[in-house]
Amino acid sequence: MSRLIVISNRVSPPAEVGNASVGGLAMALSAALREENGMWFGWSGEVAESSGQISIQKIGGVTVALTHLEEQDVQEYYNGYANKTLWPLFHYRTDLVAFERSFDEGYSRVNQRFADTVSPLIVEDDLIWVQDYHLIPLASKLREQGVKNRIGFFLHIPWPAMRVLMTLPKHGELVETMFDYDLVGFQTEDNMHAFTEYVINQAGGEDLGDGRLRAYGKTIQVGAYPIGIDAKEFVEASRSQTAKDYWDLMRDSQAGRKMIVGVERLDYSKGLEERFTAYDQFLRDYPQYERNVFLLQIATPSRGEVGAYQDIRGKLDTLSGHINGEHSTIDWVPLRYVNRSYRRDELAGIYRAAHVGLVTPLRDGMNLVAKEYVAAQNPADPGVLVLSEFAGAAAQMRDALIVNPFDREAVSEAIHEALSMPLKQRVARYEGLIHGIMTEDVVSWRKNFTNDLKGKPPVKKPEPLVVVSG
Ligand SMILES: O=P(O)(O)OC[C@H]1O[C@H](O[C@H]2O[C@H](CO)[C@@H](O)[C@H](O)[C@H]2O)[C@H](O)[C@@H](O)[C@@H]1O
Ligand SMILES: O=c1ccn([C@@H]2O[C@H](COP(=O)(O)OP(=O)(O)O)[C@@H](O)[C@H]2O)c(=O)[nH]1
């Protein structure tokens, strides 16, 4: 049986099977790796004097191979090209993109180092699955080392429109490296079409049908594989003692008020500034909610070494202070703004206590919080999800109240609609959503992807050279 080798920037297998504090993706990949006798390779998250060494250990039944990075690598590859160049660009924030040649060099160098370190561990028939924007050129580097195994790539973040991508220096070189994969997966059909548009119009490629694209003398398979949560596990987590304790805590502190919840990493792509402004608008538009509602916003600090993340944190500190200063009364604070992180079983209780889940990113690959919020609800008395049309999740979750996060008046109206929605309609919407969450879960996501990757011809043969005579 072939092994599965997952390669990602971060490696996070749970130390114990069924640990409710660990993310669905980590659980799903770990389950796949246990079943397929695989290995998870990536950055340890540690900085070292020198890199290139590998430490192999078993964590929760999963073989994990970790490598350290040097300080310069972290600055140029992770903070630099990944999080100052690609992340803002792929989330349509061209105003925040910083491009420096040293970032590009660091990105290439770390991808090369990943390839050098992992390739001696790869044996014939291993299936290789590369995750996310940190490692786009990895397949090219592995092919240069003679790796002929099937290699798949999944992009967790959006793929941008052609003209947006073209603002990236050397965009063609980056896209060309994607043709060294056998299968390239996106979160949505929209993302896949944006990629196809680039390939046809910029790379002079061809759409061969059935998801096959040909360019740069190579043919790859592309597809949309929307990621889900570990739905069964999350529903169980929402019934755990911890979740019940958090539900109790929240209900006590609600004191009969309606609760709106937002949960995310503190990232400008999540639209928190626009959300706070829309909430401020809502408090002005609907004065009947004075002292009767509050927004709990959990915003976990993220990528704090990057300037744009420091800036958004400062803006939110000011804005939250402004909203509370403006609207609070001596016995009511309308916005609870929390810069901490919570375990997923704790979150499950918090989600369940909230009458509205407010998920309004300006762009998001998928957004798992939207799915977790619904999975945590009480089926007999569920809350309502308000969801941005620019989250990948919106393509599947049509029974949410879909909003344009840039339109603060529309978001204000949607909050009111959600808070005043009759039980029958809430249940109908919940039932429409939970069905999709249970069936299109993280297990089906990884099975669909790995099955399609296995379905390719066993060995990648070089494409015949087409000579155009002139
Ligand atoms: O590793 P970090 O820099 O701390 O960032 C955390 C992760 O953020 C991103 O998540 C994305 O993947 C989710 C699952 O597919 C998706 O729902 C979400 O929309 C994306 O933003 C990133 O892509 C991961 O690589 C990071 O580890
Ligand atoms: O305090 C927190 C905040 C978030 N999350 C988890 O982080 C993930 C966020 O995933 P999402 O796809 O929504 O966005 P990303 O941060 O990956 O861009 C979800 O599983 C959340 O449950 C968490 O465990 N604790």
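Atoms within a ligand are numbered from 1 in the order they appear, just like the ligands themselves. All figures in this text were calculated on a predicted structure; none of them were measured in a lab. We use all heavy atoms of the structure for the numbers below, so side chains are in, but hydrogens, waters and symmetry mates are not.
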Review point. Are any non-hydrogen protein atoms located under 4.0 Å from atom 10 (O) of ligand 1?
Key: no

Point to revise | R10 and ligand 1 - part of the residue with a heavy-atom distance under 4.0 Å | key: side chain

Check your understanding: Looking at ligand 1, does any of its N/O atoms fall within less than 3.5 Å of an N/O of I227?
Key -> no

Check your understanding: Are the charged groups of D73 and R113 less than 4.0 angstrom apart, N to O?
Key -> yes

Practice item. Let me know which of F195, Y133, W159 forms a ring pair (Phe, Tyr, Trp, His ring centres under 6.0 Å) with F90. Key: W159

Point to revise | Salt-bridge criterion met for D182 and R150 (N-O under 4.0 Å) | key: no

Check your understanding: Salt-bridged, R275 to E264, with N to O below 4.0 Å?
Key -> yes

Exercise for review: Please determine if R93 forms a cation-pi arrangement with W87, meaning its NZ or CZ atom is less than 6.0 Å from the six-membered ring centre and no more than 45° off the ring axis.
Suggested key: no

Review point. When you measure from the centre of the six-membered ring of Y92, is the NZ or CZ of R363 under 6.0 Å away and within 45° of the axis?
Key: yes

Check your understanding: Do E76 and E100 have side chains that get closer than 4.5 Å, going by heavy atoms?
Key -> no

Exercise for review: Please confirm whether R344 makes a cation-pi placement over F234, using NZ or CZ under 6.0 Å from the six-membered ring centre and within 45° of the ring normal.
Suggested key: no

Check your understanding: Y342 heavy atoms, cut-off 4.0 Å: which ligand 2 atoms fall inside?
Key -> 1 (O), 2 (C), 23 (C), 24 (O), 25 (N)

Practice item. Show which atoms of ligand 2 fall inside a sub-4.0 Å distance from at least one heavy-atom site of R265. Key: 15 (P), 16 (O), 18 (O)

Point to revise | Which of the ligand 2 atoms, numbered from 1, are nearer than 4.0 Å to a heavy atom of S341 | key: 1 (O)

Exercise for review: To the nearest 0.5 angstrom, please state how far the CG atom of L296 sits from the OH atom of Y351.
Suggested key: 11.0 Å

Point to revise | Pair Q145-S119, side-chain hydrogen bond (donor to acceptor under 3.5 Å, both in side chains): steps then yes or no | key: CA-CA 7 Å; Q145 309 246 348; S119 61; 3.1 Å; yes

Review point. What are the atoms of ligand 2, with element, lying closer than 4.0 Å to any heavy atom of V263?
Key: 3 (C), 4 (C)

Review point. When rounded to the nearest 0.5 angstrom, what distance separates CD1 in I157 from CG in L89?
Key: 9.0 Å

Point to revise | Identity and separation of the nearest protein heavy atom to atom 5 (O) of ligand 1 | key: R303 NH2, 2.8 Å

Point to revise | W87 touching ligand 1 at heavy-atom level, < 4.0 angstrom | key: yes

Review point. Can you tell which part of N367 has a heavy atom less than 4.0 Å from ligand 1: side chain, backbone, both or neither?
Key: backbone

Practice item. Any atoms of ligand 1 less than 4.0 Å from a non-hydrogen atom of L368? List them with their elements. Key: 14 (C), 17 (O)

Point to revise | From E264, M366, E372 - option closest to atom 21 (C) of ligand 2 by heavy atom | key: E372

Check your understanding: Where do A26 and S12 come nearest, in terms of heavy atoms and distance?
Key -> CB-O, 3.1 Å

Practice item. Look only at interatomic distance and state if H91 has a nitrogen or oxygen under 3.5 Å from any nitrogen or oxygen of ligand 1. Key: no

Review point. What protein heavy atom is closest to atom 15 (O) of ligand 1, reported as residue, atom name and distance in Å?
Key: H156 ND1, 2.6 Å

Revision key, fill the gap. Atom 6 (C) of ligand 1: closest protein heavy atom, distance to 0.1 Å, is R265 NE, 3.7 Å

Review point. When only distance counts, is S302 in polar contact with ligand 1, meaning an N/O pair under 3.5 Å?
Key: no

Review point. If you count the atoms of ligand 1 from 1 in the order shown, which ones are under 4.0 Å from a heavy atom of D132?
Key: 22 (C), 23 (O), 24 (C), 25 (O)

Review point. Does the N or O separation between Y133 and ligand 1 drop below 3.5 Å for any pair?
Key: no

Revision key, fill the gap. For atom 19 (O) of ligand 1, the closest protein heavy atom turns out to be D364 OD1, 2.5 Å

Review point. With only distance considered, is D364 within less than 3.5 Å of ligand 2 through an N or O on each side?
Key: no

Point to revise | Sidechain-backbone polar pair: Q281 side chain, S412 backbone, donor-acceptor under 3.5 Å | key: no

Point to revise | N83-ligand 1 polar pair, N/O distance under 3.5 Å | key: no

Check your understanding: With the threshold set at 4.0 Å, does a side-chain nitrogen-carboxylate oxygen contact exist between D441 and K371?
Key -> no

**Study point:** Close side-chain approach of V403 and L387, heavy atoms under 4.5 Å
**Key:** no

**Study point:** Contacting atoms of ligand 1, where contact means under 4.0 angstrom from a heavy atom of G365
**Key:** 19 (O)

Exercise for review: Output the list of atoms in ligand 1 that are nearer than 4.0 Å to some heavy atom of Y78, sorted by atom number.
Suggested key: 2 (P), 3 (O), 4 (O)

Review point. For ligand 2, which atoms, with element, lie under 4.0 Å from some heavy atom of L347?
Key: 2 (C), 5 (N), 22 (O), 23 (C), 24 (O), 25 (N)

Practice item. Check R343 against ligand 2 and report side chain, backbone, both or neither, counting heavy atoms closer than 4.0 Å. Key: neither

Check your understanding: Do any N/O atoms on H134 end up under 3.5 angstrom from N/O atoms on ligand 1?
Key -> no

Check your understanding: What atoms of ligand 2 come within less than 4.0 Å of a heavy atom belonging to N367?
Key -> 12 (O), 13 (O)

Practice item. Might you point out which heavy atoms bring Q187 and L155 nearest each other, and give the distance in Å? Key: CG-O, 3.6 Å

Exercise for review: Any atoms of ligand 2 less than 4.0 Å from a non-hydrogen atom of T300? List them with their elements.
Suggested key: 1 (O), 2 (C), 3 (C)

Check your understanding: Which heavy atom of L266 sits nearest a heavy atom of A299, and at what distance?
Key -> CG-CB, 4.0 Å

Practice item. Examine the proximity of ligand 1 to I157 and report which part, side chain or backbone, both or neither, has a heavy atom under 4.0 Å away. Key: side chain

Exercise for review: Consider every N or O of L368 and every N or O of ligand 2, then say whether any pair is closer than 3.5 Å.
Suggested key: yes

